[in-house]
Amino acid sequence: MGSKLDNIFSSYANSNIFKDKSVLQINYTPETIPHRDKQIEEVASILAPAIKGERVSNLFCFGKTGTGKTLSVQYVTKEILKRVSDSGADNLKVVYLNCKLKKIADTEYRILAEIISALGESVPATGLPTDAVYSKFIEIIERKKQLILIVMDEIDQAVKKISDGFLYNLTRLNSELKNAQISLVGISNSLTFMDNIDPRVRSSLGEEEIIFAPYNALQLQDILRERAAQAFTEGVLDEGVFSKCAAFAAREHGDARRALDLLRVAGELAEREGSKKLTMEFIDKANNKIERDKMLDIIENEPRQHQLVLYSIINLAGKEKDGVFTGNVYNKYQEFCQKTKVEILTQRRVSDIIAEFDMLGLINVDVISRGRMGRTREIKLMIPINLQPKAKEILETALTI
DNA sequence: GTCAATTCACATGAAAGAGACCACGGTCTAGTG
DNA sequence: CTAGACCGTGGTCTCTTTCATGTGAATTGACGA
């Protein structure tokens, strides 16, 4: 037994694939950001007045995930803060909010609470009227003359959850403030985000807009090379690895984060297998693993009712020859509910749950009209065929079927 | 055969309820001087 | 007399139900050629 563990540990300790793995971690901020000079300059020139504590134009950054939006903005704000503190002033506060993290931002209340706590104060997690939180917020920032720069990452997520009303409130707040001023930087993954928000908000929010184009495969390679030089021991990587990684990620709309993830997971796999070199095969394996883990993780952590619905879909997907529809799913779902003694939800609710799965990419949904056969959703299971048994197993244990 | 009306089986929206959580302020209790 | 325990109130949040309205094409049935 001990010798077995010895083997595992020693192969791990001896492996010299990584020099510094943290470089590949998502939260690592690199020194340089290749191929984003133009955008960084733009951001910098727009935010420059903040150094003197003057209000800056509201800024909006668009671009798909992993195109360096967040990084660029953070880089610029960091530089600005550095200069501000060098000059000894403290009339600038930068608040960074990631609206994708569910706990932070799915209500107006929480966003405010998060901003306030980022400013070093605190408010209860719940229990206060929203306008009380607003006035507390105003009170806090009005204490002195300063500029509050609020960076809202993935702002589209927040707006989808709430309405755009809070953005309106926030932009309008400036006219009520005497000392402090607020500027917003919105970062959005969706290019069409601006189209469906209130025109009043749009005009005040979109004073400046910057678009981040996806990286192409060559640019991705540059990025990978640069990071890999720091992350991996020399000579570990095959030359083809970069282009392969980049190609995979370029297929996913040039997502650099994805490319780096791929490289990291591939490295981990190579390390685990005690390989001396990181060859192309590991990239393939890593790609599968990432997909697999992501999906199974989602499935495992869904609430019970959702799992039941998904289980019904998986069960129907194989059998039904002319497609799976909402009605089918609901019937099957009722069956399983009775079997597991779980309360049965209304069809209305199940319909929404199905829509949520669509958003998660577990299924693909088309609203079709079958004439006299009514209008319904046609559901296609998107879990890869080789994962389905595993997914089923997870659901069965979770639901004790 | 053509055309409009009908009809199906849900989609999609809006509103509101239930139950959990939490802060706040007032009241009660027990310990202290 | 005061600190802390304990309630009731009023607020939010999430998940859900209820009620209402919308919708695209297969089907139907009337109509004219």
Side-chain angles (χ1 to χ4, degrees), chain A residues 97-117 119 121-140 157-167 169-170 192 195-198 298-313 316-317 320-338 340-360 362-381 398-399:
Chain A
L97 288 182
N98 190 343
C99 306
K100 198 164 85 180
L101 303 176
K102 222 177 171 180
K103 297 283 145 49
I104 293 183
D106 39 9
T107 68
E108 186 168 5
Y109 186 103
R110 285 203 189 148
I111 288 184
L112 274 173
E114 195 59 30
I115 296 176
I116 291 175
S117 78
L119 291 172
E121 305 277 329
S122 72
V123 281
T126 166
L128 247 48
T130 305
D131 36 342
V133 185
Y134 256 111
S135 39
K136 172 141 197 199
F137 174 59
I138 292 177
E139 183 222 305
I140 289 173
Q157 300 290 324
V159 171
K160 202 163 59 193
K161 268 276 171 194
I162 329 163
S163 70
D164 46 17
F166 80 97
L167 286 179
N169 289 340
L170 228 44
T192 54
D195 297 344
N196 32 21
I197 68 178
D198 190 322
I298 292 175
I299 293 174
E300 190 163 9
N301 292 318
E302 282 299 294
R304 177 158 261 93
Q305 292 286 2
H306 293 228
Q307 287 181 335
L308 269 166
V309 175
L310 186 62
Y311 189 67
S312 314
I313 295 174
L316 286 171
E320 223 65 31
K321 42 197 171 296
D322 33 294
V324 182
F325 304 100
T326 308
N328 297 349
V329 174
Y330 189 62
N331 290 338
K332 200 79 183 168
Y333 159 81
Q334 281 177 303
E335 234 176 76
F336 285 130
C337 276
Q338 272 157 17
T340 52
K341 304 248 191 315
V342 173
E343 212 181 340
I344 301 175
L345 300 181
T346 30
Q347 179 152 338
R348 178 70 187 82
R349 179 65 189 137
V350 171
S351 181
D352 276 351
I353 292 175
I354 291 174
E356 283 171 42
F357 283 140
D358 185 32
M359 302 264 282
L360 288 173
L362 292 178
I363 59 177
N364 199 324
V365 154
D366 261 336
V367 179
I368 55 164
S369 184
R370 293 182 296 165
R372 202 116 214 231
M373 304 283 284
R375 218 166 121 78
T376 184
R377 284 197 178 100
E378 187 178 27
I379 299 165
K380 278 183 267 148
L381 195 58
L399 299 165

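In what follows, chains carry the letters A, B, and so on, assigned in the order in which the sequence lines appear, proteins first and then strands, with residues in each chain numbered from 1. Everything numeric here is computed off the predicted structure, so don't read it as measured data.
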**Request:** Would you check if A:Phe325 and A:Glu378 make a side-chain contact, meaning some heavy-atom pair closer than 4.5 Å?
**Result:** yes
**Prompt:** Short question: side chain of A:Arg304, backbone of A:Ala398 - any donor-acceptor pair under 3.5 Å?
**Reply:** yes
**Request:** Taking only the side-chain nitrogens and oxygens of A:Arg349, find out if one of them lies under 4.0 Å from OP1 or OP2 of C:dT16.
**Result:** yes
**Request:** Please report, rounded to the nearest Å, how far the P atom of C:dC15 is from the CD atom of A:Gln305.
**Result:** 12 Å
**Prompt:** When you check the phosphate oxygens OP1 and OP2 of C:dT27, does a side-chain N or O of A:Arg370 lie under 4.0 Å from one of them?
**Reply:** no
**Asked** Within a strict 4.5 Å, meaning less than it, do heavy atoms of the A:Glu302 and A:Leu360 side chains meet?
**Response** yes
**Prompt:** Do A:His306 and A:Leu310 come within less than 4.5 Å of each other through their side chains, counting heavy atoms only?
**Reply:** no
**Message:** Could you check whether any side-chain heavy atom of A:Phe357 comes within less than 4.5 Å of a side-chain heavy atom of A:Ile298, counting everything from C-beta outward?
**Reply:** no
**Item:** Atom pair distance, as rounded to whole Å: CE in A:Met359 and P in B:dT12
**Value:** 12 Å
**Complete:** Of the listed C:dT16, B:dA11, C:dT28, the closest approach to the A:Leu345 side chain comes from C:dT16
**Fill in**
When rounded to whole Å, the CG to P distance for the pair A:Asp366 and B:dT12 reads 11 Å
**Prompt:** Given atom CE of A:Met373 and atom C1' of C:dT27, what is their separation to the nearest angstrom?
**Reply:** 12 Å
**Prompt:** A:Arg377 CZ to B:dC8 P: how many Å, rounded?
**Reply:** 21 Å
**Item:** A:Ser369 vs C:dT23: side-chain N/O to OP1/OP2 distance below 4.0 Å
**Value:** no
**Prompt:** Given C:dT16, is OP1 or OP2 found less than 4.0 Å from the side-chain N or O atoms of A:Thr346?
**Reply:** no
**Asked** Closest to the A:Val367 side chain: B:dT12, B:dC8, B:dC10?
**Response** B:dT12
**Message:** Counting only side-chain heavy atoms from C-beta out, which of B:dC8, B:dA11, B:dA14 sits nearest to A:Arg348?
**Reply:** B:dA14
**Request:** Name the residue closer to the 5' end of DNA chain B, choosing between A:Arg375 and A:Asp352 according to the nucleotide with the nearest heavy atom.
**Result:** A:Arg375
**Fill in**
Which of B:dT7, B:dT12, B:dA9 is nearest the side chain of A:Arg372? It is B:dT7
**Prompt:** Starting at CG of A:Asn331 and ending at C1' of B:dA9, how long is that distance when rounded to a whole Å?
**Reply:** 12 Å
